[in-house]
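Structure first, commentary second.
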Amino acid sequence: MSENTRPFHGVISSIQPRIRLNRSFDQSWHSYLGYALTIVEAEGTPLLVGISEKLQEKHQLRVGMAVSGCCKPVEDSKLESVDYYRVTGFKVFEAESEQPVPPSLENYRQRGPRRLAAKTYETACTSCMWGCRMAVEIIVDQWKPWIRKYRTETFCYGPKSCKNYRPGPNRRVTGRNKMVYIEEDWVDEMLTEHRGEDE
Ligand code: SF4
């Protein structure tokens, strides 16, 4: 085992999509990286581990399953919503679980997200398969693309009728010459207009 490899052995308490959001003033695009597992071990704080979509397809992971393996710390924490990734030696040693299997990344993409208040995410959504905390990379000036800012934003891909849902404030994106783009509510409405209230 190499020096910075971290073994894990515990129960999955959350599985959500692992998606990175890029912003450049009023433009935005997503990278679908895989899934984010929260793994609760016998001792210590829960581990946030990124896995590939291929691993998820193979094991059909869901909350309640017990798993083990090894992972490595992420190289650039600004670009990741998890603390570890590059999982090797992955094993499922307790597969019994009544919980649903999260959908494919393509399904999340088709559903589209709505912004979700960070506080609501922390209090009600961290173990919901529709929640997502994205690492966000912002190109401040498209003529100087090396100037970037980083933050996280939280989103909901779930049914619009969920009683927990709170949008929180509109997101603001700084551009060149200190201009600020405010992402209005119609963006979320447009991204999810093909879904009914309970879908
Ligand atoms: S608002 Fe509801 S559906 Fe959306 S992530 Fe939170 S609990 Fe899940």
Side-chain angles (χ1 to χ4, degrees), residues 10-23 28-40 45-53 55-57 59-65 67 74 77 79-85 97-138 150-173 182-199:
V11 176
I12 298 172
S13 67
S14 166
I15 174 165
Q16 296 184 334
R18 183 163 63 104
I19 301 169
R20 185 182 304 140
L21 172 61
N22 284 85
R23 290 186 178 277
S28 63
W29 61 99
H30 297 90
S31 303
Y32 296 80
L33 306 173
Y35 292 82
L37 303 181
T38 306
I39 298 172
V40 178
T45 50
L47 278 191
L48 261 176
V49 182
I51 60 164
S52 66
E53 183 167 37
L55 197 76
Q56 170 59 9
E57 277 172 2
H59 294 285
Q60 299 290 294
L61 299 172
R62 50 208 183 273
V63 167
M65 288 169 77
V67 297
V74 297
S77 59
L79 296 175
E80 284 288 348
S81 60
V82 293
D83 299 323
Y84 297 89
Y85 59 6
S97 169
E98 300 293 312
Q99 298 298 316
V101 178
S104 66
L105 296 181
E106 176 56 21
N107 188 291
Y108 282 104
R109 192 189 65 75
Q110 285 174 4
R111 293 179 64 81
R114 294 185 297 160
R115 75 176 190 273
L116 173 64
K119 198 172 167 193
T120 305
Y121 175 82
E122 291 302 334
T123 53
C125 308
T126 50
S127 60
C128 173
M129 68 179 186
W130 298 122
C132 183
R133 190 165 62 87
M134 296 184 196
V136 183
E137 184 175 43
I138 302 169
Y150 298 89
R151 67 188 188 199
T152 58
E153 296 180 25
T154 43
F155 291 89
C156 169
Y157 284 82
K160 297 173 188 173
S161 56
C162 178
K163 297 281 184 289
N164 291 330
Y165 181 76
R166 301 284 181 280
N170 292 92
R171 307 258 156 93
R172 302 165 70 90
V173 185
I182 298 175
E183 195 168 68
E184 302 288 353
D185 295 349
W186 65 261
V187 174
D188 286 0
E189 286 159 17
M190 180 190 72
L191 290 174
T192 59
E193 66 186 359
H194 56 290
R195 287 201 268 127
E197 281 299 296
D198 295 324
E199 288 177 67

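The basis for the numbers below is simple: all heavy atoms, side chains too, and nothing from hydrogens, waters or symmetry mates. Positions are given from 1, in the same order as the sequence printed here. In each ligand, atom 1 is the first atom listed, and ligand 1 is the first ligand listed.
Taking backbone and side-chain atoms together, C125 has no N/O/S atom less than 2.8 Å away from atom 2 (Fe) of ligand 1.
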Side chain to side chain contact (heavy atoms under 4.5 Å, CB included) between V82 and V49, intermediate numbers included: CA-CA 6 Å; V82 293; V49 182; 6.0 Å; no
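Taking every heavy atom of C156 and a limit of under 4.0 angstrom, the matching atoms of ligand 1 come to 1 (S), 3 (S), 4 (Fe), 5 (S). Numbered from 1 in the order shown, with element, the atoms of ligand 1 that lie under 4.0 Å from a heavy atom of C162 read 1 (S), 2 (Fe), 3 (S), 7 (S). Residue Y165 approaches ligand 1 through these ligand atoms, each under 4.0 Å from one of its heavy atoms: 1 (S). For ligand 1, the atoms lying closer than 4.0 Å to a non-hydrogen atom of G131 are 5 (S). Counting the atoms of ligand 1 from 1 in the order shown, those under 4.0 Å from a heavy atom of N164 are 7 (S).
With salt bridges taken as basic N to acidic carboxylate O contacts below 4.0 Å, none links E122 and K119. Looking at E199 and R111, no side-chain N of the basic residue comes within less than 4.0 Å of a carboxylate O on the acidic one, giving no salt bridge.
Looking at atom 8 (Fe) of ligand 1, its nearest protein heavy atom turns out to be C128 SG, 2.4 Å.
Side chains of Y84 and I39 form no contact here, defined as non-hydrogen atoms less than 4.5 Å apart. Residues N170 and E183 have side chains not in contact (no heavy-atom distance under 4.5 Å, counting atoms from C-beta outward).
Applying salt bridge (charged side-chain N to carboxylate O under 4.0 Å, His left out) to E153 and the options R172, R23, R20, R115 leaves one that passes, R23.
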